[in-house]
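Since the structure comes first, as structure tokens, the remarks are kept for the end.
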Protein chains: 2
Amino acid sequence: MNATPRWLNPEQQAAWDGFIRMQEKLIGRLSRRVQADSRMSPADYIVLAKLTEAGGRMRFMDLTKLVEWEKSRMSHQVARMAKRGLVSKEECPDDGRGAFIVATPAGREAIEEAAPVHVEHVRRLFIDALTQEELDSLARISNRVLAHLEKQPD
Amino acid sequence: MNATPRWLNPEQQAAWDGFIRMQEKLIGRLSRRVQADSRMSPADYIVLAKLTEAGGRMRFMDLTKLVEWEKSRMSHQVARMAKRGLVSKEECPDDGRGAFIVATPAGREAIEEAAPVHVEHVRRLFIDALTQEELDSLARISNRVLAHLEKQPD
DNA sequence: ACCAGTTGGTTGACGTGTCACCCACCCTAG
DNA sequence: CTAGGGTGGGTGACACGTCAACCAACTGGT
């Protein structure tokens, strides 16, 4: 049929399938837990975490780059979070287009409450499954893939 | 503050952050590629792949369990795919509630066209980044996490 | 001073995933 | 045969992510 089929060999297939399955189940479980016991989505969590980590007040685009999202995604997200009272927007005097994103007291409270619970789930579902060597190995592999991705087009 | 902070140590944190970043970027890139050059979403891809692999005709719930999805998700997905002509639904004579999901000719054609491209992207973005030992190592780690998840509550 | 290009940020449409709830049909105990 | 529970499957509302287009404000060069 195809001049260059190049299917994966069994070991490669096993690695890919296993990774995909693991990642789906792990992320799925974790985000459902986060949502269930902190009434925050994973997206809320990471945005608030990075924001408060940086002092609770940031320019929109800086925040967007910090979490490595597309600006449109962040814009929608911030709008939703503002609606829920987790953050608010302020105008930027230096740049007429600009906006500051500010964590509200409710937002700070929410993340401070959610953070330990989140860490506990990460530990329980992921860290505890693996030895330190396995964790190191996974970190190395992840960085290799990340470095590879940066070199690849698209 | 907290009686049991138990934050992650630096190595654990590095492993978790690296994994999360890698997984997000990799999955993101791959699904955008799939969508861009086959006009199918990753969800379409996996459903059609599993379905045709099983002969192109399956009971709804069997398919749902095969891909390990929630039934509601599959229901929505199948509805969308039916709207796009990739699959169709048939009644089940044996069980009045039941439904068969059938891959249409267009669906078969779509997956046969998409599959090699998909594999090529997986290879280019992921497999090629790693040695065979690293792939094996990742497969082992994934299976450990999966096994651990099954033992954990929630 | 002006205009072209870039940057900061928003918007709307659309596909997707989840949750909660629903309904219809099947099955088994009594 | 019938009530009650389980199973097969659908639905509607909502949160989320992407894409493409858009607008306003800031550059820089001429």
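So that the names make sense, note that chain A is the first sequence line, chain B the second, and so on, each numbered from 1.
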message = Once you measure the plane-to-plane angle for A:Phe19 and B:Phe126, does it fall in the parallel (<30°), tilted (30-60°) or perpendicular (>60°) bin?
response = parallel

ask   = What nucleic acid atoms does B:Ser41 come within less than 4.0 Å of, heavy atoms only: base, sugar-phosphate, or nothing?
value = sugar-phosphate

ask   = Closer to the 5' end of DNA chain D via nearest nucleotide, is it B:Asp95 or A:Trp69?
value = B:Asp95

Length of the line joining B:Glu68:CD and C:dG17:C1', which is rounded to integer Å = 17 Å

Backbone N/O of A:Ser41 and side chain of A:Asp44: donor-acceptor pair under 3.5 Å = yes

query = Starting at CG of A:Asp44 and ending at P of C:dT18, how long is that distance when rounded to a whole Å?
reply = 17 Å

ask   = Partners of B:Ser38 by side chain to side chain contact (heavy atoms under 4.5 Å, CB included), sequence neighbours excluded?
value = B:Val34, B:Met40, B:Ala114

request  = Answer yes or no: is there a donor N or O on one side and an acceptor on the other, between the side chain of B:His148 and the main chain of A:Arg124, under 3.5 Å?
outcome  = yes

Do any N or O atoms of the protein come closer than 3.5 Å to N or O atoms of nucleotides 9-12 of chain D, and which pairs are they?
residue : atom : partner : partner atom : Å
D:dG9   : OP1  : B:Arg59 : NE           : 3.3
D:dG9   : OP1  : B:Ala99 : N            : 2.3
D:dG9   : OP1  : B:Ala99 : O            : 3.2
D:dG9   : OP2  : B:Met61 : N            : 2.7
D:dG9   : N7   : B:Lys71 : NZ           : 2.8
D:dG9   : O6   : B:Lys71 : NZ           : 2.9
D:dG10  : OP2  : B:Ser75 : OG           : 3.2
D:dT11  : O4   : B:Ser72 : OG           : 3.3
D:dG12  : O6   : B:His76 : NE2          : 2.6

inquiry  = Between A:Ser75 and A:Lys71 (side chain of the first, backbone of the second, donor and acceptor by atom type, cut-off under 3.5 Å), is there such a pair?
reply    = no

message = Over all strands shown, is B:Gln35 touching base, sugar-phosphate only, or nothing at heavy-atom distances under 4.0 angstrom?
response = nothing

request  = Return the value, rounded to whole Å, for the distance between atom CZ of A:Arg39 and atom C1' of C:dC19.
outcome  = 10 Å

key: Side-chain N or O of B:Arg73 closer than 4.0 Å to phosphate OP1/OP2 of C:dT16   = no

query = So what does B:Arg80 touch, heavy atoms closer than 4.0 Å: a base, only the sugar-phosphate, or nothing?
reply = base

query = Would B:Gln35 and B:Arg32 count as having a side-chain donor-acceptor pair, cut-off 3.5 Å?
reply = no

